[in-house]
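Below you'll find the structure, written out as structure tokens, and then a few comments.
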Amino acid sequence: KAGVTQTPRYLIKTRGQQVTLSCSPISGHRSVSWYQQTPGQGLQFLFEYFSETQRNKGNFPGRFSGRQFSNSRSEMNVSTLELGDSALYLCASRTGGVYTEAFFGQGTRLTVV
Amino acid sequence: GENVEQHPSTLSVQEGDSAVIKCTYSDSASNYFPWYKQELGKRPQLIIDIRSNVGEKKDQRIAVTLNKTAKHFSLHITETQPEDSAVYFCAAETSGSRLTFGEGTQLTVNP
């Protein structure tokens, strides 16, 4: 079956702009989580959506937001971009059940200049 | 919230030796502890996981141990091979929907 697909793979944006990233989970998976990965910081949890509802949220400013559609595809939006937002953004797809494997996408590499 | 600490941040071993990576967590309600391997330029992939009702789990050369009393768990890789070189992440989950990751361990296996 198809894996987790993230688009685009690479983005270059200017400070102050906004950006939208997309994640298509594995068919049948209802949970999508987003993570920010930077060197030395590991994977920082942004938020998790399940059946179109935000179920969990990490400690990121309100500039970071997301949503999930009825087909479980999810988008993440970052407004008023800052240089420090440059990172690899990963989404992870899960069936939605407890303690299940998270399948990651290839990520979107965002560079803010 | 949950906090996961991982040590060491870098680990270099000779091919054939064993490697051990340790993690501690803060929330005693955590019940699921997966380990992910991320090769350079690739996505993280699950290599093994353990639930809180189990103390140890093995899968070929990989094993994970869990001590709930001490709130720590460890990854053991035996007979290491160059293809084991990667960044390894531990994680803990409390509520069934939020994984908290450690900062990662860069493992290098020297031929």
Side-chain angles (χ1 to χ4, degrees), chain A residues 2-7 9-10 23-26 29-60 66 68 74 87-109, chain B residues 1-10 21 23-27 29-54 57 59 64 66 68 73 86-107:
Chain A
V4 182
T5 304
Q6 290 188 245
T7 57
R9 290 292 309 278
Y10 303 93
C23 173
S24 293
I26 292 171
H29 286 196
R30 297 164 64 190
S31 167
V32 175
S33 298
W34 289 89
Y35 293 86
Q36 181 193 66
Q37 185 174 29
T38 54
Q41 291 292 316
L43 288 85
Q44 300 293 312
F45 175 79
L46 283 152
F47 29 66
E48 187 247 358
Y49 286 86
F50 177 79
S51 293
E52 302 179 65
T53 300
Q54 187 180 86
R55 193 159 63 169
N56 259 298
K57 189 178 190 306
N59 299 321
F60 277 80
Q68 186 179 33
S74 178
L88 180 67
Y89 290 88
L90 291 162
C91 77
S93 160
R94 304 173 85 174
T95 58
V98 295
Y99 313 139
T100 57
E101 180 177 356
F103 294 85
F104 284 87
Q106 290 275 42
T108 294
R109 173 72 64 184
Chain B
E2 175 67 280
N3 182 52
V4 177
E5 294 189 356
Q6 183 172 347
H7 300 280
S9 56
T10 60
I21 302 170
C23 290
T24 60
Y25 60 98
S26 61
D27 192 338
S30 289
N31 285 313
Y32 177 61
F33 308 92
W35 286 87
Y36 282 81
K37 175 183 180 182
Q38 186 176 30
E39 297 177 51
L40 189 62
K42 296 190 176 181
R43 70 190 79 192
Q45 291 191 299
L46 179 74
I47 55 171
I48 196 167
D49 58 12
I50 192 168
R51 288 166 176 75
S52 61
N53 58 343
V54 176
K57 184 177 178 180
D59 183 2
V64 58
L66 171 64
K68 283 223 74 178
F73 56 112
V87 178
Y88 291 80
F89 293 97
C90 64
E93 181 170 59
T94 307
S95 63
S97 66
R98 175 174 177 164
L99 282 169
T100 301
F101 284 84
E103 294 187 357
T105 296
Q106 172 69 61
L107 173 64

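When reading the values below, keep in mind they use all heavy atoms of this one structure, side chains included, and skip hydrogens, waters and symmetry mates.
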Could you look at [X] and say if it's the side chain, the backbone, both or neither that has a heavy atom under 4.5 Å from chain B?
X	value
A:F47	neither
A:Q37	side chain
A:A102	both
A:S31	neither

Supply the atom-to-atom distance [X] [atom1] to [Y] [atom2], rounded to the nearest 0.5 angstrom.
X	Y	atom1	atom2	value
A:L43	B:Y36	CG	OH	10.0 Å
A:T38	B:E103	OG1	CD	9.0 Å
A:Y99	B:S52	OH	OG	6.5 Å

- Query: Within the side chain of B:R98, is there an N or O that forms a donor-acceptor pair under 3.5 Å with the backbone of A:N56?
  - Reply: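 No, the answer is negative, given that no donor and acceptor are paired below the 3.5 Å cut-off.
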Legend entry - Stepwise side chain to side chain contact (heavy atoms under 4.5 Å, CB included) check, B:Q45 with A:F104: CA-CA 7 Å; B:Q45 291 191 299; A:F104 284 87; over 6 Å; no
Could you check whether atom CG of A:N59 has more than 12 heavy atoms from other residues, nucleotides or ligands sitting under 6.0 Å from it?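 Not more than 12 within 6.0 Å, no.
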Could you check whether atom NZ of A:K57 has more than 12 heavy atoms from other residues, nucleotides or ligands sitting under 6.0 Å from it?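 Yes, because the 6.0 Å sphere around NZ of A:K57 holds more than 12 heavy atoms from other groups.
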Working note: A:F45 + B:L99, criterion side chain to side chain contact (heavy atoms under 4.5 Å, CB included); need CA distance, chi angles, decisive distance, verdict. CA-CA 8 Å; A:F45 175 79; B:L99 282 169; over 6 Å; no
Examine whether an atom of [X] lies under 4.5 Å from a heavy atom of chain A, and if so say whether it belongs to the side chain, the backbone or both; otherwise answer neither.
X	result
B:Q38	side chain
B:F33	neither
B:P34	neither

message = Please give me the minimum heavy-atom distance between A:V4 and B:R43, naming the atom from each residue.
response =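 Result for this residue pair: O-NH1, 3.6 Å.
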